[in-house]
Amino acid sequence: MTTTLIRGGTVVTATGRSRADVLVDGETIVAVLAPGSVLLGTDLSRAVDSVIDATGKYVIPGGIDAHTHMELPFGGTAASDTFETGTRAAAWGGTTTIIDFAVQTYGQRVMDGLATWHEKARGNCAIDYGFHQIVGDVNEDSLNALEGLADEGITSFKMFMAYPGVFYSDDAQILRAMQGAARTGLMTMMHAENGPAIDVLVSQLLAQGKTDPYYHGVARAWQMEEEATHRAIMLANLTGAPLYVVHVSAKQAVEQLAAARDVGQNVFGETCPQYLYLSLEEQLAAPGFEGAKWVCSTPLRSRAEGHQAHMWQSLRTNDIQMVSTDHCPFCMKGQKDLGLGNFSKIPNGIGSVEHRMDLLYQGVVDGQISLERWVEITSTTPARMFGLYGKKGVIAPGADADLVIYDPSGHTSIGYEKTHHMNMDHSAWEGFEIDGHVDTVLSRGKVVIDDNQYLGAKGDGQFVKRGLSQYLI
Ligand code: URP
Ligand code: ZN
Ligand code: ZN
């Protein structure tokens, strides 16, 4: 077993910061010690195999991105990052665990969909990974399958109120699946947009010759998100199912979640970096077909309407509990360009898995969130929400040594030619400047990123079985 001492840094957790040294034995953190500790008369730095100097830097628990779609077949093509490329890019950006979505497609059995996802990921990942289950066909068989998911380490499943004909579930199906969630303690995850109503607007816009990417945002108006969020909350209320709404972008949807929490309902919300920084006016309305880079669902919202500012505010007040990426990358050439002349054919998704920790750290620099809240929304809450806490999301004896040494005096210029490691032909974050830098990343004790070099290997990452959400106990 290799022993490592991370010395001289400021350890930041969700609850505070202090100068401390972190001792790692093999894959595990074994002690968090006062700086310069002497143990049984020995200077620790002489007793270990390696010392990492973190002076002037933050030592934080590795990022947990609880919403990714590696290799997802979608929109007539498939997400361009494989588990190999996507998890390597995640490591570059200080994320040491992803939770990807295993897919049950229409007509398929849930456990077969799950087995396919294990085959895609096994032996290919740079960092640890877990799965949520997409239930794309709610029927008697898949409802029965819910009962066995927790034993597989899958303690959450996602349904879609959007995408009719693809993953869509109607209210009757959602009601039945939520009854299953209430019975089993699985977390219900919801894509909350009114898909059938959106499809009417899409047809009307196309008939009027409004085919540019911008109209993706017009068709998927905030009312569609608010209405579906409210409906999901009501169905969860009736059934007693816990509810986690993914990729929340509209301030009105946040208000629905906050109101439900205020009356004691177990509902939670996630947002994504794109809904904090990007907008309908600046990105989706970019000239020509450029806006296709930012076609995702829920869509980017109007800055004039104040959604982005409200989302930062909601992160401060805990009306939104955490930030994931919804990483679903597509290249412009051969993928996004399927929607030239018809925005509804542009594959939905943005690639961000590499940049979440940096983009959210910039929120600390800009005074939007505290340093501790940065750790909480990117690591600790995802761990608690999805049954990983203790092993992940914390710096404490017994936890996996998933650690990031973050340099607040460093700088990161995001761009395709600069920091990009995702398998895409562009960056949705081109030109973003971050006043900080991911220096060193340890994944279960192994240094995988150091000094702008990747030292990991395909297969380092293991499947992690998750327990039930801590927020329900
Ligand atoms: O645009 C998105 N969000 N693509 C991925 C699929 C989903 O709805 O999460
Ligand atoms: Zn979704
Ligand atoms: Zn998604």
Side-chain angles (χ1 to χ4, degrees), residues 65-81 86 90 98-106 113 117 129-136 156-169 174 187-195 198-199 202 213 216-217 219-220 224-225 228-229 232 243-250 253 268-276 278 280 283-284 291-301 322-332 335-336 338-339 343-353 356 382 386 422 424 428:
D65 189 342
H67 188 157
T68 68
H69 297 286
M70 307 303 171
E71 307 183 31
L72 175 73
F74 197 49
T77 179
S80 57
D81 262 320
I98 60 161
I99 312 180
D100 203 82
F101 285 83
V103 177
Q104 175 220 14
T105 52
Y106 198 77
W117 242 254
Y129 61 97
F131 296 137
H132 312 285
Q133 181 67 49
I134 284 177
V135 182
S156 42
F157 67 97
K158 180 181 180 188
M159 289 180 290
F160 293 78
M161 301 166 104
Y163 309 139
V166 187
F167 293 132
Y168 175 75
S169 292
I174 291 169
M187 179 69 82
T188 316
M189 304 174 80
M190 192 62 75
H191 180 134
E193 284 186 297
N194 187 327
I198 287 169
D199 278 3
V202 167
H216 171 81
R220 306 186 92 90
M224 302 292 180
E225 185 182 348
T229 304
L243 174 68
Y244 175 96
V245 181
V246 295
H247 48 52
V248 177
S249 63
F268 310 95
E270 137 203 295
T271 195
C272 310
Q274 51 269 35
Y275 307 123
L276 294 164
L278 310 178
L280 177 74
Q283 277 76 29
L284 261 188
K293 288 178 182 168
W294 298 283
V295 164
C296 61
S297 297
T298 59
L300 302 187
R301 299 286 175 203
M322 50 185 268
V323 179
S324 316
T325 57
D326 192 9
H327 177 75
C328 192
F330 296 103
C331 292
M332 283 295 270
Q335 297 198 294
K336 291 277 187 185
L338 293 169
F343 68 83
S344 74
K345 300 225 176 314
I346 301 169
N348 286 204
I350 290 183
S352 312
V353 76
R356 185 185 61 124
F386 292 116
M422 298 174 284
M424 301 168 71

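Count residues from 1 along the sequence. Whatever order the structure lists ligands and atoms in, that order sets their numbers, starting from 1.
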Legend entry - Val246 and Asp326, any side-chain heavy atoms less than 4.5 Å apart: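 A side-chain contact is absent here, since even the closest heavy-atom pair is not under 4.5 Å.
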Legend entry - Student check: side-chain heavy atoms of Pro299 and Met224 closer than 4.5 Å: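 In short, these two side chains do not touch, never coming nearer than 4.5 Å.
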Legend entry - Test side chain to side chain donor-acceptor pair (under 3.5 Å) applied to His247 and Glu193, Glu270, His191, the passing residue: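 Running side chain to side chain donor-acceptor pair (under 3.5 Å) over Glu193, Glu270, His191 with His247 returns exactly one hit, His191.
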With distance as the sole criterion, is a donor-acceptor pair present between the side chains of [X] and [Y] under 3.5 Å?
| X | Y | result |
| --- | --- | --- |
| Tyr275 | Thr298 | yes |
| Asp65 | His327 | no |
| Arg301 | Ser249 | yes |

Inset, instruction - Return the set of protein N, O or S atoms whose distance to the Zn ion (ligand 3) is under 2.8 Å, each given as residue and atom. - result: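 Counting only protein N, O or S atoms under 2.8 Å from the Zn ion (ligand 3), the list reads His67 NE2, His69 NE2, Asp326 OD1.
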Legend entry - Side-chain donor or acceptor of Lys336 paired with backbone N/O of Gly349 under 3.5 Å: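 Between the backbone of Gly349 and the side chain of Lys336 there is a qualifying donor-acceptor contact (under 3.5 Å).
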Inset, instruction - Identify, chain by chain and in numerical order, each protein residue with a heavy atom under 4.0 Å from an atom of ligand 1. - result: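 Near ligand 1, by chain and number: His67, His69, Phe74, Lys158, Phe160, Tyr163, His191, His247, Cys296, Ser297, Asp326, Cys328, Asn348, Gly349.
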Inset, instruction - Check each of Phe101, Phe330, Phe74 against His69 using the ring-ring contact (aromatic ring centres under 6.0 Å, His included) test, and report the only one that passes. - result: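 So, applying the ring-ring contact (aromatic ring centres under 6.0 Å, His included) to His69 and each of Phe101, Phe330, Phe74, only Phe101 qualifies.
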Legend entry - With Met189, the side chain to side chain contact (heavy atoms under 4.5 Å, CB included) member among His67, Gln133, Lys158: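 Checked His67, Gln133, Lys158 against Met189; only one passes side chain to side chain contact (heavy atoms under 4.5 Å, CB included): Lys158.
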